[in-house]
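Accompanying notes for the structure given below.
Each chain gets a letter, A, B and so on, in the order its sequence line appears, and its residues count up from 1. Values in this document were obtained by computation on a predicted structure and should not be read as measured data.
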Amino acid sequence: MSSTKKIPWVVKYRPKKTDEVVNQEEAKKLFIKWIDSWISKKPEKKGALLYGPPGSGKTSLVEAVAAEKGLELLEMNASDYRRTSDIERIAKASSRARSLVSARGKILLLDEVDGISDVADRGALEAILDLIKNTQHPVVLIANDPWNPKLRGLRDECLMIRFRRLTKTDVKKVLRSICASEKLVCDDDAIDYVAEKSEGDLRSAINDLEAVGEGFGRVTLSATKALLRTRDRDLETFEVVRRILTSKYSWQAREASTQTDLAPDELIKWIHENLPRQAQDPEDLWRAYEAISRADVYFSRIVRSQNWDLLAYAVDMMTAGVALSIKNEQYKFKWTEYSPPPEIRKSAIVAREVRRVREDLAKVIAAHLKCSTSTAKSDVIPLLKVIFDNNLEYAAKLALGLNLSDSMITYLSESRGEQIVKRVEELRQEIRRETRKTVLELSRESRASSGRARTKQSGKKEEKNSRGLENFSRK
Amino acid sequence: MSSRSVMAELLWAEKYRPRSLREIVNQEDVVKRLHVFVKERNMPHLLFAGPPGTGKTTAAHALAHDLFGEDYRPYMLELNASDERGIDVIRTKVKEFARSKLPVEVPFKIVLLDEADNMTADAQQALRRLMEMYVDVTRFILIANYPSKIIEPIQSRCAVFRFISLKREDVVARLKWICSQEKVVCDDRGLESIYEVSGGDMRKAINVLQAAAALGEVNTSNVYKVVGLATPVEVRALLKTALFEGDFMKSREALRKLIVNYGLSGVDIVKQLHREVFSSEVAIPEDLRVEIADYLGEIQYRLVEGADDEIQLSALLAKLVLLGKPLRQQPQLSKPVKR
């Protein structure tokens, strides 16, 4: 193995046949049936959306099926089709019935569609929809989370195929067979540890096994733990936080905070997350929160004044300040399970996005009602929510009148937002039809008048009509 | 045409806003004097003062409409000072507009500053200079709930107009008229209750009317239903979980949900909590109400300074859990009589 060119194990051991795709029988059956329906030219839906947790075999299955059926695989990642033009390029390729090079059929594979941003990549999702409608070849989309509202349109056009999270047994089976082909001696408990840690993500399990197996001739539990733990930031941070929260002296707590690579403004989030788990006495909890919120105030002062000298005080308060606040020994030294702070970045992005929608909505209302955005937020939005939750038809008409975006509508009604968005679209189409009809009538009218000499009067009438139209479409 | 107009709806507060001074039925004294400005095509700087929803902004727009005609927009710069309150806006946007050349067709331009009492003192000083320098081409209309927050030199340069609270029968009559235009079924008791909940604020009243109409007809039960639904229960639940149940973890989860799913900022939540703390619907001992309010003030100050929403509000929750401890230990004694 050492002499040959090194291929990562995840690539090397990718399933070549559908049989080798682990434990996704239902998905396999559905997918193969769908591909066969293409070969016999009668697919019910032209797209398929494969979804499920990472490392459960979605891409592998598509590759294996393509290989078995002799189909050419045109694959694109989210980063490739951020722009509408990229998608149009594939669309062109797909509209040709047969590729010139080979007479083989094709599968178009768009990976990570949930990675498309509906804001930044505006148009991309619509282009994919067009692609599905016009394609001559099966279009396969892959996503981890298909229930994201932005994928709503795609869901309707696609056959939905679910992949299950792999069990620990599934993962272990594959790891063992890899060990066998690599002639790697591997202890059972080590395999167990790797499989456990992967949480059903086979890709990450194989990567871990490769990392451990490479350096050591034999894979033991202790070696595995040692290697994988250093890569496991969470475990290490837990210990630091535990030491801080259970410190009896200020020096202990301050010293503990130096044992991590985490920046102080990250560490404070970890302490904030786990503090209530250790400080269960209300008195302690309050004192500790006084301390940590003081630290937070220091951080904000640092940001504003750029005076980094203050950092020392922030750290004092979030470590020693918190530790010494926890006095009730009944809880102070008790072992409790910690958890990492919620995916801060992700939830912060969601929060920021929602906040932006709310802010934009307030601006729309403020412009209409000639009031401030804060009045719009406190007085008007709550009432609009009542309307949007209770009267779908009326809500749709208001949304149309105020020209609200889809995200504003779903902000106003969590439960019925999607229905309202749909209804607004119907109303828009109705209006478009009406407009077309009017335009037709107008042109008929002008055709009729063109026989005669064009008088000033008819010209005026036409102008009036078209202005009415303009007003109306603005509405 | 009719089939089209039923497709889109507007907010009634906008749809039924008087466009011309002639359409304004209240504030007779004010309107009478404004008519004179239109007739003479001249006016001093104006300061409109009075409670919200009494027609100040409407009167300003109607005045501009009557002075400059249907297309009065280009001759008026409209700013809401609570959204754009800094000195920069005054120095750039307002100054640029104020000193720009006067179009021949109008006697002057208008700068409308809504919620001017939210302007910083610096911004007001800068504004005062502009009011002097460009008075020959530009007149200012300032609108404020609290005229005392407008600095003295500006007040002395303006003709002050006081808008009074709308009378019950005026509000009810207007609402009834809107109902007839919209072909909405309403009864007098329902309209009276709208007046009660909106406290003479016409804009609020019309908004409540529209929401109640969306539920079917405008009667007392729908009006209270709307008001109930529009009062966010989540913030109240947050308060109750921390104070009465003493469950810190649960309340912190609820807090995160408010921040992430509802897009509320820390200050939004503090303000709503403040309202809840003094609500008669939440049974908190009187001395605790005051203590909580004091702490809310502290938290809001820290947040405005730039502190972290989640940490600061968690500190508040910890405080509530502690304050509620005696209530939870002797539930039968501490349960105060609901007011």
Among B:Arg252, B:Glu78, B:Glu310, B:Lys204, residue most engaged with chain A (heavy-atom pairs, under 4.5 Å)
B:Arg252

A:Glu426 atom CD, neighbour heavy-atom count above 12 within 6.0 Å
yes

Closest non-hydrogen atom pair, B:Ala13 against A:Leu369:
CB-CD2, 3.6 Å

Side chain from CB out, backbone as N, CA, C, O: work out which of these in A:Tyr298 comes under 4.5 Å of a heavy atom of chain B, or both, or neither.
neither

Are B:Ser265 and A:Arg355 side-chain neighbours, meaning at least one heavy-atom pair lies under 4.5 Å?
yes

When the 4.5 angstrom heavy-atom criterion is applied to A:Glu273 and chain B, the contacting part is both

Tell me, do B:Lys319 and A:Glu290 make a side-chain contact under 4.5 Å, heavy atoms counted?
no

Option in A:Val354, A:Val357, A:Asp379 with maximal non-hydrogen atom pairs under 4.5 Å from chain B:
A:Val354

Is any side-chain heavy atom of A:Arg294 closer than 4.5 Å to one of B:Arg302?
yes

For chain B, which candidate among A:Ala396, A:Cys371, A:Ser374, A:Ala279 shows the most heavy-atom pairs at distances under 4.5 Å?
A:Cys371

Picking from A:Lys377, A:Arg301, A:Gln280, A:His368, which has the most non-hydrogen pairs under 4.5 angstrom with chain B?
A:His368

Please classify the contact of B:Glu115 with chain A as side chain, backbone, both or neither, using a heavy-atom distance under 4.5 Å.
side chain

Greatest number of heavy atom pairs closer than 4.5 Å to chain A - which of B:Glu305, B:His61, B:Met249
B:Glu305

Looking at side-chain heavy atoms only, is the closest gap between B:Val208 and A:Leu383 below 4.5 Å?
yes

Would you find more than 12 non-hydrogen atoms of other residues, nucleotides or ligands less than 6.0 Å from A:Gln429 atom CD?
yes

Minimum heavy-atom separation for B:Arg203 and A:Lys370, please, with both atom names.
NH1-O, 4.3 Å

Heavy-atom nearest pair, B:Ala318 first then A:Tyr289, reads CB-CD1, 3.7 Å

For the atom pair CG (B:Leu215) and CD1 (A:Ile387), what is the distance rounded to the nearest 0.5 Å?
8.0 Å

Using non-hydrogen atoms and a 4.5 Å limit, figure out which bit of B:Asp268 sits close to chain A: side chain, backbone, both or neither.
side chain

Parallel, tilted or perpendicular: which describes the rings of A:Tyr394 and B:Trp12, with under 30° parallel and over 60° perpendicular?
perpendicular

When only pairs under 4.5 Å are counted, which of B:Leu112, B:Leu264, B:Leu320 shares the most heavy-atom pairs with chain A?
B:Leu264

Atom NZ in B:Lys325, atom CG in A:Asp281: separation rounded to 0.5 Å?
5.5 Å

Between B:Leu229 and A:Asp389, is any pair of side-chain heavy atoms under 4.5 Å apart?
no

Rounded to the nearest 0.5 Å, what separates atom CG in A:Asn390 from atom NZ in B:Lys225?
5.5 Å

What distance separates B:Glu9 CD from A:Asn391 CG, expressed to the nearest 0.5 Å?
10.0 Å

Among the listed options B:Ala315, B:Gly306, B:Gly324, the residue most often paired with chain A at heavy-atom distances under 4.5 Å:
B:Ala315

B:Tyr295 versus chain A, the contacting section by heavy-atom distance below 4.5 Å
side chain

Beyond-backbone contact of A:Leu384 with B:Leu11, side-chain heavy atoms, under 4.5 angstrom
yes

Measuring heavy-atom distances to chain A, does B:Ser314 have an atom under 4.5 Å in its side chain, in its backbone, in both, or in neither?
both

Taking B:Gln210, B:Lys271, B:Gln272 one by one, which has the highest count of heavy-atom pairs under 4.5 Å against chain A?
B:Gln210

Counting heavy-atom pairs closer than 4.5 Å to chain B, which one of A:Lys385, A:Glu283, A:Arg304 comes out on top?
A:Arg304

Heavy-atom pairs under 4.5 Å with chain B - which of A:Thr373, A:Ile365, A:Val297 has more of them than the others?
A:Thr373

With a 4.5 Å heavy-atom cut-off, do B:Asp308 and A:His272 have their side chains touching?
no

Considering only heavy atoms, which portion of A:Glu359 lies under 4.5 Å from any heavy atom of chain B: side chain, backbone, both, or neither?
neither

Pick from A:Ser293, A:Pro282, A:Ala288, A:Pro382: which one has the most heavy-atom pairs with chain B under 4.5 Å?
A:Ser293

Heavy-atom side-chain contact between B:Ile311 and A:Met318 under 4.5 Å:
no

Taking every non-hydrogen pair under 4.5 Å, which of B:Asp201, B:Asn207, B:Val321 racks up the most with chain A?
B:Asn207

